[in-house]
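Okay, so here's the structure we're looking at.
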Amino acid sequence: MKIFTLFVFLMAAPVGASAVDSGVATTPPMGWNSWNHFACKVTANDVRSAADAIASNGMKDAGYTYVNIDDCWQGTRDERGRIRPNQKFPDMKALVDYVHAKGLKIGIYSSPGPKTCAGYEGSYGHEEQDAQQYIDWGFDYLKYDWCSAEKVYQRSQMQEVYNKMHDALARTGRPIVFSLCQYGFARVWQWGTAVGGNLWRTTGDISDHFDRMSVIGFDQNGLESFAGPGHWNDPDMLEVGNGGMNHDEYTTHMSLWVLLAAPLLAGNDLAKMTPETLDLLTNKEVIAVDQDAKGVQGRRVAQEGPLEVWAKPLADGGIAVGLFNRGESANPVTIRFQDIGMQGAVKVRNLWMHKDLGSFNGSYTTEIPRHGAVLIKIQ
Ligand code: GLA
């Protein structure tokens, strides 16, 4: 019986599947990452506070699961080469246990180079040891950031470099989300899955400004065929609530990221956010677009200057549609149903507002504020 079960499992496993990618990230990973707000100042207490917030403020219910430590946790290696955390992280195992006890998962960060981007100890020459250490501590997610690997490897070696860590993780026998971060070089979307990546950054770093966020987000068009359950394009972490954009701009940020089936890693200080920020992060109908079981990344279906219409087909036959105004003044934006292959009368629902708008023929038009967005579902 057991042999039969194993046989069925092996037959069902997709080509290239391994212990690393089996069963994780079937929908885009959701959680929090320390970098966008705390950067190198992050401490174990900040991570605990983030876990406390997620577990108690509705984010966990909305699907946020991973509490991810980014750069700057590393100390020196001991005489046997084992990586030790720095004094800001006095007891890594206790921190992992704390986050797990909240029913959440926890992530860690390293680089294949000798140093991380912020100059901390990388995994170069210690890949096996580090993979085992992360697993021994109990981590569930690794972000592996190219950084100084640029100095010791050729870009043409990226695949083998990422594969080395993938193999080291696979050998531990524990499933772990493997997040590739090399800023979209070398068309990573074409080989990210083959090296065990569950997500891969497609761009350089986001910042908390409308111009940067929108260039990154709207430039994702064309990558949709590379995303799917277990393997996602990653246009970088969220800036919602960090203060550099207004409400309409953060609405565009969230609406676009969910249409892109992007990982949703909040990047703000969860312990101090406003109710308005929490609402932006936890709107269930909006999140459902991102986490939809069909796992399709949306694409642009129409554009008129700064006005864009994006669509993402959903598992229930509906289509999520984003109406965007990247322009400097309010504008009406129209979705023509023929652009998404729909004819006759269709039902339109506003997802942010949880409101049925009625039945429409041919098209639907609504006024969108400067830098704003409206997210609707069409059925
Ligand atoms: C790079 C990554 C960021 C962050 C920093 C940390 O810039 O792209 O997401 O991890 O390194 O140093």
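Whatever order the structure lists them in is the order used to number ligands and atoms, beginning at 1.
- Near Lys143, meaning under 4.0 Å from one of its heavy atoms, ligand 1 places the atoms 3 (C), 4 (C), 9 (O), 10 (O).
- Of the protein's non-hydrogen atoms, the one nearest atom 4 (C) of ligand 1 is Asp70 OD1, 3.4 Å.
- Looking at Asp248 and Arg370, no side-chain N of the basic residue comes within less than 4.0 Å of a carboxylate O on the acidic one, giving no salt bridge.
- By the criterion of a heavy-atom distance under 4.0 Å, neither the backbone nor the side chain of Cys40 is placed next to ligand 1.
- Taking the charged nitrogens against the carboxylate oxygens, Asp130 and Arg77 do have a contact shorter than 4.0 Å, which makes a salt bridge.
- Ionic pairing of Arg171 and Asp167 is not present here: no N-O contact between side-chain nitrogen and carboxylate oxygen is shorter than 4.0 angstrom.
- Taking a cutoff of 4.0 Å between a charged side-chain nitrogen and a carboxylate oxygen, Arg349 and Glu285 qualify as a salt bridge.
- Side chains of Trp73 and Ser34: no donor on one and acceptor on the other come within 3.5 Å.
- No heavy atom of Thr116 sits closer than 4.0 Å to any atom of ligand 1.
- Taking every non-hydrogen atom of Ala118 and a distance limit under 4.0 Å, the qualifying atoms of ligand 1 come out as 12 (O).
- Taking only nitrogen or oxygen atoms, main chain and side chain alike, Asp236 does not reach within less than 3.5 Å of ligand 1.
- For the residue pair Thr202 / Gln220, a side-chain donor-acceptor distance below 3.5 Å is found, with atom types taken as modelled.
- Looking from atom 2 (C) of ligand 1 to the surrounding protein, the closest heavy atom is Asp145 OD2, 3.1 Å.
- Atoms of ligand 1 found under 4.0 Å from any heavy atom of Cys181, numbered from 1 in the order shown, are 2 (C), 8 (O).
- In terms of polar-atom proximity, Trp35 is not counted as a contact of ligand 1, lacking any N or O under 3.5 Å from an N or O of the ligand.
- The protein non-hydrogen atom at the shortest distance from atom 7 (O) of ligand 1 is Asp205 OD2, 2.6 Å.
- Ligand 1 places these atoms under 4.0 Å from at least one heavy atom of Cys117: 1 (C), 11 (O), 12 (O).
- Under 3.5 Å, the side chains of Asp208 and Tyr250 contain a donor-acceptor pair of N or O atoms.
- Looking at atom 12 (O) of ligand 1, its nearest protein heavy atom turns out to be Asp71 OD2, 2.8 Å.
- Side chain of Lys88 to backbone of Val42: a donor-acceptor contact under 3.5 angstrom is found.
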